Amino acid sequence: MARATPPLRQVTGLLTPGAVLLLAAWAVQKEEVVRSAAAPYALFFCCGTLAAAILLSWYYDQSRLLCLASASALTVWALSRWSADPSAARLTAVLLLPLNFILFASFKERGVMTFEGFLQIGVVIAQVLGVIWVHEANSQSLELFLKWGQRSDAWTTLPVPTVLAFAIAFVTLLAFVIGRRTKVESGLLWALTLTFLGVNQMLAPDGHLIYLGTAGLVLVFAVLEHGFDIAYRDELTGLPGRRAFNRIMEQLSGKYALAMCDVDQFKKLNDTYGHETGDQILKMVAVKLSQVGGGGRAFRYGGEEFLLVFKGLSARQAEPFVESVRTAIADARFVLRGADRPAQKPARPENGPQKKHHRIEITVSIGVAGRSKRHSSPELVLDAADAALYRAKEAGRNCVKLAESTP
């Protein structure tokens with residue numbers, strides 16, 4: 001079941017703040033005057049942002065971002081430690097960085113102080129020991145392989161293995177962004193792009209610090225945005241949660257309408273078909289509600305209750321949009337499939353026997369209220385919408401009722 005994320009919000013979530021920071025870093029590199037002024041502070045900027053990303057990831061218990069920020073910081077150290085020429089150890093550190101993005105993006109977030117968290121930290125430590133071993137071994141054959149395809153006059157000064165690793169990492173993260181649609185994956189994608197631009201300038205003195213420092217800043221934003229999502233977004237449905245609605249309530253003024261929605265007979269459905277089916281029902285309803293017209297915004301209020309907020313509309317003006325989304329939910333096909341359902345749909349002859357599945361009728365009851373002289377505050381409007389919802393339940397469910405005092 002798809003998460004309730006409108007297409008426009010998916011695009012804006014991908015574009016900010018990573019794209020803005022990338023453009024800012026690129027502009028600094030392109031303007032000679034700005035670059036010269038920023039050069040003395042580039043090392044402090046890079047170390048500061050990566051250190052902030054590490055500390056915030058630890059504080060917010062984000063092991064994946066912690067390990068990526070640590071790997072980026074260690075790569076900066078390797079580039080500075082072996083800065084005379086692209087040695088095998090330096091090239092190994094750069095090659096491992098995009099592979100770290102693939103690895104840690106693939107992990108599920110379990111926290112730092114867990115077995116999975118310690119395992120990820122161990123992977124970073126093992127890489128550090130591996131790079132040191134490569135430096136001590138000073139293998140000529142390995143250095144030739146890592147330098148394979150490196151040309152100073154090409155569009156990139158990176159060797160072919162490193163370019164391939166970055167390309168694979170970019171495609172992998174793009175797939176995660178499209179599939180998971182979370183702020184963390186979006187931040188990792190922009191951080192990877194900035195990292196590539198940075199290590200592409202590893203032969204230039206301090207040319208990589210601005211880009212890698214900006215990548216650290218993107219990771220900082222990813223940690224903060226993830227913390228915001230945990231606090232304000234409902235994990236099951238992807239909709240903004242109760243706390244986000246309370247913030248909106250404090251900002252409501254002028255003309256607005258609230259619609260209280262409740263899934264009909266949800267407790268009975270949950271008891272009959274199980275909690276997993278109940279969760280899928282709530283996800284389906286959330287997706288439909290997130291597509292409401294009229295500029296409405298959907299929230300999960302709690303349990304099987306949802307709220308729609310219409311800024312700039314009265315209850316009468318919001319009613320057609322609410323009725324439309326109620327009809328869309330009632331007309332949706334929610335099919336309960338058997339436990340033996342295969343992962344992929346099997347090929348079936350056109351005239352072959354069709355297996356019947358049990359269809360569940362899902363409906364919602366909705367109460368709508370708008371600001372008026374009698375209901376002059378958001379709290380009073382919410383109470384009126386709740387009372388209208390009970391009237392919809394008493395009227396037989398699967399209907400929309402306006403508050404009794406609606407003009």
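Just so we're clear, the structure is a prediction, and the values are computed from it rather than from any experiment.
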Could you list the donor-acceptor pairs under 3.5 angstrom formed between side-chain atoms of residues 381-393 and any protein atom two or more places apart in sequence or on another chain?
from	atom 1	to	atom 2	distance (Å)
Arg391	NH1	Leu402	O	2.5
Lys393	NZ	Asp262	OD2	2.6
Lys393	NZ	Asp264	OD1	2.8

In a table with atom names and distances, give each donor-acceptor pair under 3.5 Å that connects a side chain of residues 111-118 to protein atoms at least two apart or in another chain.
from	atom 1	to	atom 2	distance (Å)
Thr114	OG1	Gly111	O	3.0
Thr114	OG1	Gly117	N	3.1

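Contact check for Gln127 versus Asn100: side-chain heavy atoms found under the 4.5 Å cut-off. The shortest side-chain heavy-atom distance between Leu239 and Arg233 does not fall under the 4.5 Å cut-off. Residues Leu174 and Leu189 meet the side-chain proximity criterion, which asks for heavy atoms closer than 4.5 Å. Counting heavy atoms from C-beta on, the side chains of Leu269 and Ile281 come closer than 4.5 Å. Inter-residue side-chain proximity for Lys288 and Ile329 is flagged as met; some heavy-atom pair is nearer than 4.5 Å. For the pair Phe166/Val163, no side-chain contact is recorded, criterion being any heavy-atom separation below 4.5 Å from C-beta on. Residues Ile54 and Leu66 meet the side-chain proximity criterion, which asks for heavy atoms closer than 4.5 Å. At a threshold of 4.5 Å between non-hydrogen side-chain atoms, the residues Leu219 and Val223 do not count as touching.
Heavy-atom minimum distance, Gly370 versus His375: O-CB, 4.2 Å. Residues Gly294 and Phe310 approach most closely at O-CD2, 3.9 Å, considering heavy atoms. Val218 and Trp190 make their closest contact through CG1-CB, 4.2 Å (heavy atoms, listed as atom of the first residue, atom of the second, distance). Nearest heavy-atom pair across Leu99 and Ala165 is CD2-CB, 4.1 Å. When every heavy atom of Gly216 is checked against every heavy atom of Leu50, the shortest pair comes out as CA-CD2, 3.6 Å. Residues Tyr256 and Ser377 share a closest heavy-atom pair of OH-C, 3.4 Å.
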Leu188 and Leu68: side-chain contact (heavy atoms from CB on, under 4.5 Å), yes or no, with the steps?
CA-CA 9 Å; Leu188 292 182; Leu68 272 175; 3.2 Å; yes
Set out, in order, the CA-CA distance, both residues' side-chain angles and the distance that settles side-chain contact (heavy atoms from CB on, under 4.5 Å) for Val124 and Gln120, then state yes or no.
CA-CA 7 Å; Val124 176; Gln120 294 173 44; over 6 Å; no
Please report the C-alpha distance between Phe221 and Leu21 in whole Å, then the side-chain angles of each, then the deciding distance to 0.1 Å, and finally whether the side-chain contact (heavy atoms from CB on, under 4.5 Å) criterion is met.
CA-CA 10 Å; Phe221 275 99; Leu21 293 174; 3.9 Å; yes
Intermediate values then yes/no, side-chain hydrogen bond (donor to acceptor under 3.5 Å, both in side chains), Asn270 and Glu304:
CA-CA 11 Å; Asn270 220 14; Glu304 67 271 22; over 6 Å; no
Could you go through the side-chain contact (heavy atoms from CB on, under 4.5 Å) check for Glu109 and Ser63 one step at a time?
CA-CA 7 Å; Glu109 186 56 65; Ser63 60; 2.9 Å; yes
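Here the CG-CG distance, from Leu224 to Leu56, works out to 5.5 Å after rounding to the nearest 0.5 Å. Here the CH2-CG distance, from Trp58 to Leu65, works out to 14.5 Å after rounding to the nearest 0.5 Å. Once rounded to the nearest 0.5 Å, the distance linking CZ of Arg297 with OG of Ser290 reads 11.5 Å. Put simply, CZ on Phe44 and CG on Leu209 are 11.0 Å apart, with the number rounded to the nearest 0.5 Å. In this structure, the separation between CZ on Arg110 and CD on Gln62 is 12.5 Å, given to the nearest 0.5 Å. Within the model, atoms CD1 of Ile362 and CD of Gln265 stand 10.5 Å from one another, a figure rounded to the nearest 0.5 Å.
Residues passing the side-chain contact (heavy atoms from CB on, under 4.5 Å) test with Leu55: none are found, sequence neighbours excluded. Legend: residues meeting side chain to side chain donor-acceptor pair (under 3.5 Å) with Arg300, ordered by chain and number and at least two apart, are Asp234. Annotation: side-chain contact (heavy atoms from CB on, under 4.5 Å) contacts of Leu97 (sequence neighbours excluded): Ala71, Ser72, Thr75, Phe101, Thr195.
Of the possible polar contacts, none joining the Thr49 side chain to the Thr214 backbone as a donor-acceptor pair under 3.5 Å is found. A distance-only check finds no donor-acceptor pair linking the side chain of Arg371 to the backbone of Pro378 [under 3.5 Å]. In terms of modelled atom types and a separation under 3.5 Å, the side chain of Ser376 and the main chain of Ser372 share no donor-acceptor contact. A donor-acceptor contact shorter than 3.5 Å is absent between the side chain of Asn200 and the backbone of Phe196. Looking at Gln251, its side chain never comes within 3.5 Å of a backbone N or O of Ile248 through a donor-acceptor pair.
Within 6.0 Å of the CZ atom in Phe266, the count of heavy atoms belonging to other residues, nucleotides or ligands exceeds 12. For Arg397, the CZ atom is densely surrounded, since the number of other residues' heavy atoms within 6.0 Å is greater than 12. At most 12 non-hydrogen atoms from other residues, nucleotides or ligands lie less than 6.0 angstrom from CD of Glu276.
Under the 4.0 Å criterion applied to side-chain N and carboxylate O atoms, Lys283 and Asp279 are not assigned as salt-bridge partners. Comment: Arg326 engages Glu323 in a salt bridge, judged by a side-chain N to carboxylate O separation of less than 4.0 angstrom.
Sorted by first and then second residue, the ring-ring contact (aromatic ring centres under 6.0 Å, His included) pairs with a member in residues 286-308 read Phe245-Phe299, Phe245-Tyr301; sequence neighbours excluded.
Of the N and O atoms on the side chains of Glu361 and Asn398, not one donor lies less than 3.5 Å from an acceptor on the other residue.
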